Asks: 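Here it is: the structure, laid out below.
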Number of protein chains: 2
Amino acid sequence: MADVNPVLLDEQLCFSIYSASKKFNHFYQSALAPFGLTYPQYIAMLVLWEKAPLTVHQLGERLELDSGTLTPLLKRLEKQGWVTRVRSQTDERQVLIHLTEMATTKRDEVYSRIGQCQTLLGMSSEEIDSMMTELVTVKQQLDTVSNDRLITKEVDRVN
Amino acid sequence: MADVNPVLLDEQLCFSIYSASKKFNHFYQSALAPFGLTYPQYIAMLVLWEKAPLTVHQLGERLELDSGTLTPLLKRLEKQGWVTRVRSQTDERQVLIHLTEMATTKRDEVYSRIGQCQTLLGMSSEEIDSMMTELVTVKQQLDTVSNDRLITKEVDRVN
DNA sequence: GACAATTTAATTGTATACAATACATTGGAA
DNA sequence: TTCCAATGTATTGTATACAATTAAATTGTC
């Protein structure tokens, strides 16, 4: 353990991203307060507004969330009148998430609100594209290294 | 509500960041499994390894977390032997977080492990610097727009 | 020097995340 | 046809996050 470099918080990309993620969530959650949507609820609605109905599994694939997170989240969305949860007729294991009339009605109001937020942020599409491209690269790397279930052994081997 | 643009999940920078953040947390949490540290616990240790003792408040400023999150997190770190929580003599309102001997001993092992993870990710310092610079800009914008408590009114005014 | 305003942690309540488990259903193999 | 592995959802348990409240200690002001 002779040649070890210190790990400084301010130099960690992970923390920069972690911190930005929390700020974004807070930003949109505030902006959507009039609709009573939390950030995860909002992105779930985004997916459903693109295409509904979807099964819990399909929704989870888009959001990268599992049923342990989605089941209670969707129950809250149902209680607040955004969606209905219906057991599939053709496959009783599946639960189909449908939009309510209220959700369809409010869609454009939410879209509009988000559009205004994006304007406020004042980022050019070039800036946004550039960041998203870089993020895709990082995420691919993280997936590759993580899905490689050898991560523990790989790291140990470097020792 | 005539001229509303659809909001597509895959075009949202916030989701890209949110998703990357979760992947990073999972990546480091796996890598640190031998130490039993979660990601938030790990970044708390990073700060304390830079400078300890710190009050809960000082730690929270660095991590952008409040006592509602930190108090239970620090109790878990204490239970696992990484830190001690000591009521300040000079100001009884404050709780000082000290490193244990074990934490000091294990510091370089953790630093080394993280260094290996960074190597596995294979990003150049230029790539990392570029992303972090862009993230700083986004975060500043989010802070500016959020701290501006007029956000709701501003947005409404656009209507 | 009393005391209201402020500061600091802790607590409470709600909402994610996610691993692990349980459970029902389904589709296919024997 | 019967059984079994796979699939899809729900549940359980642990650990964040964070707003709001409480409680204790300190400070500024007269």
Side-chain angles (χ1 to χ4, degrees), chain A residues 15 18-30 32-33 36-45 53-61 63-80 82-83 85-97 146 149, chain B residues 15 18-30 32-33 36-45 53-61 63-80 82-83 85-97 146 149:
Chain A
F15 181 69
Y18 165 77
S19 154
S21 175
K22 289 195 302 171
K23 279 189 209 295
F24 253 127
N25 288 16
H26 183 267
F27 174 63
Y28 280 121
Q29 202 142 323
S30 299
L32 295 173
L37 291 172
T38 65
Y39 180 76
Q41 289 168 8
Y42 154 64
I43 56 174
M45 290 305 298
L54 289 177
T55 67
V56 173
H57 183 76
Q58 291 170 325
L59 189 55
E61 281 195 328
L63 298 174
E64 299 173 65
L65 293 171
D66 69 9
S67 71
T69 301
L70 284 178
T71 295
L73 185 154
L74 291 168
K75 284 182 178 173
R76 283 186 284 271
L77 281 179
E78 184 175 44
K79 199 199 284 186
Q80 292 167 37
W82 294 94
V83 304
R85 297 161 62 251
V86 184
R87 210 38 90 169
S88 164
Q89 298 280 314
T90 56
D91 186 339
E92 290 277 348
R93 291 170 303 180
Q94 303 182 130
V95 170
L96 287 168
I97 312 301
S146 297
R149 279 173 301 177
Chain B
F15 182 69
Y18 165 77
S19 154
S21 175
K22 288 196 300 173
K23 279 188 208 294
F24 252 126
N25 288 19
H26 183 266
F27 174 62
Y28 280 122
Q29 201 142 323
S30 300
L32 295 173
L37 290 172
T38 66
Y39 180 77
Q41 289 168 8
Y42 153 66
I43 57 174
M45 290 306 297
L54 288 177
T55 66
V56 173
H57 183 75
Q58 289 170 325
L59 189 55
E61 281 194 330
L63 298 175
E64 300 174 64
L65 292 172
D66 69 11
S67 70
T69 301
L70 285 178
T71 296
L73 184 154
L74 292 168
K75 284 183 178 172
R76 283 186 284 269
L77 281 179
E78 183 176 46
K79 198 198 284 188
Q80 293 167 38
W82 295 93
V83 304
R85 297 161 63 252
V86 185
R87 214 29 96 167
S88 164
Q89 298 279 312
T90 56
D91 186 339
E92 291 275 350
R93 291 171 304 181
Q94 302 182 130
V95 169
L96 287 169
I97 311 300
S146 296
R149 281 173 301 177

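What you see is a predicted model, and the numbers here were worked out from it, not measured in a lab.
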Asks: Quick one: does A:Ser67's side chain have a donor or acceptor within less than 3.5 Å of a partner on A:Leu70's backbone?
Replies: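 Not at all, since once roles are kept as given, no pair shorter than 3.5 Å links the two residues.
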Asks: Keeping the roles fixed (side chain from A:Asp66, backbone from A:Thr69), state whether a donor-acceptor pair exists under 3.5 Å.
Replies: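 Looks like yes, one N/O pair under 3.5 Å.
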Asks: How many whole angstroms separate atom CD of B:Glu64 from atom C1' of D:dA17?
Replies: 13 Å
Asks: Taking the side chain from B:Arg87 and the backbone from B:Val95, do they hold a donor-acceptor pair closer than 3.5 Å?
Replies: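 No, the answer is negative, given that no donor and acceptor are paired below the 3.5 Å cut-off.
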Asks: Walk me through it: do B:Met45 and B:Leu77 pass the test side chain to side chain contact (heavy atoms under 4.5 Å, CB included)?
Replies: CA-CA 9 Å; B:Met45 290 306 297; B:Leu77 281 179; 4.0 Å; yes
Asks: Under 4.0 Å: is that the gap between some side-chain N or O of A:Tyr39 and OP1 or OP2 of C:dA15?
Replies: no
Asks: What integer distance in Å separates B:Trp82:CH2 from D:dA15:P?
Replies: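 The answer, rounded to whole Å, is 15 Å.
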Asks: Is the phosphate of C:dC18 approached by B:Lys22 (side-chain N or O, under 4.0 Å from OP1 or OP2)?
Replies: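 The answer is yes; a side-chain N or O of B:Lys22 sits under 4.0 Å from OP1 or OP2.
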Asks: Reading DNA chain C from 5' onward, which residue's closest nucleotide shows up sooner: A:Pro40 or A:Gln89?
Replies: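 That would be A:Pro40.
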Asks: Which whole-number value in Å describes the distance from B:His26 NE2 to D:dT14 P?
Replies: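 The answer, rounded to whole Å, is 19 Å.
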Asks: Is there a side-chain contact between B:Tyr18 and the phosphate of C:dT16, meaning an N or O under 4.0 Å from OP1 or OP2?
Replies: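 Checking C:dT16 against B:Tyr18, no side-chain N or O comes under 4.0 Å of OP1 or OP2.
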Asks: Considering non-hydrogen atoms only, spot the tightest contact between A:Ala44 and A:Leu73 and give its length.
Replies: CB-CD2, 4.2 Å
Asks: For the pair made of CD in A:Glu92 and C1' in D:dT9, what is the distance, rounded to whole Å?
Replies: 12 Å
Asks: So if I define the base as every atom that isn't primed, P, OP1 or OP2, how would nucleotides 6-13 of chain C read as a B/S/- string at a heavy-atom cutoff under 4.0 Å?
Replies: -BSSBB--
Asks: Whole-Å distance between C:dA15 P and A:Gln29 CD?
Replies: 10 Å
Asks: Over how many whole Å does the gap from A:Ile97 atom CD1 to D:dG8 atom P extend?
Replies: 14 Å
Asks: With the side chain of B:Thr38 defined as its heavy atoms from C-beta on, choose the nearest nucleotide among C:dA15, D:dA15, D:dC18.
Replies: D:dA15
Asks: Within the structure shown, what part of the strands sits under 4.0 Å from B:Ser21 by heavy-atom distance: base, sugar-phosphate, or nothing?
Replies: nothing
Asks: Could you tell me the separation between the CZ atom of A:Arg76 and the P atom of D:dA10, rounded to a whole number of Å?
Replies: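 Going from A:Arg76 (CZ) to D:dA10 (P), I get 13 Å.
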Asks: For B:Phe24 together with B:Tyr39, are the ring centres under 6.0 Å from each other?
Replies: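 For B:Tyr39 and B:Phe24, the ring centres are not under 6.0 Å apart.
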Asks: Let me know the distance between CG of B:Asn25 and P of C:dA19, rounded to the nearest Å.
Replies: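 Rounded to whole Å, this separation is 12 Å.
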Asks: Between A:Gln29 (side chain) and A:Leu37 (backbone), is there a donor-acceptor pair under 3.5 Å?
Replies: no
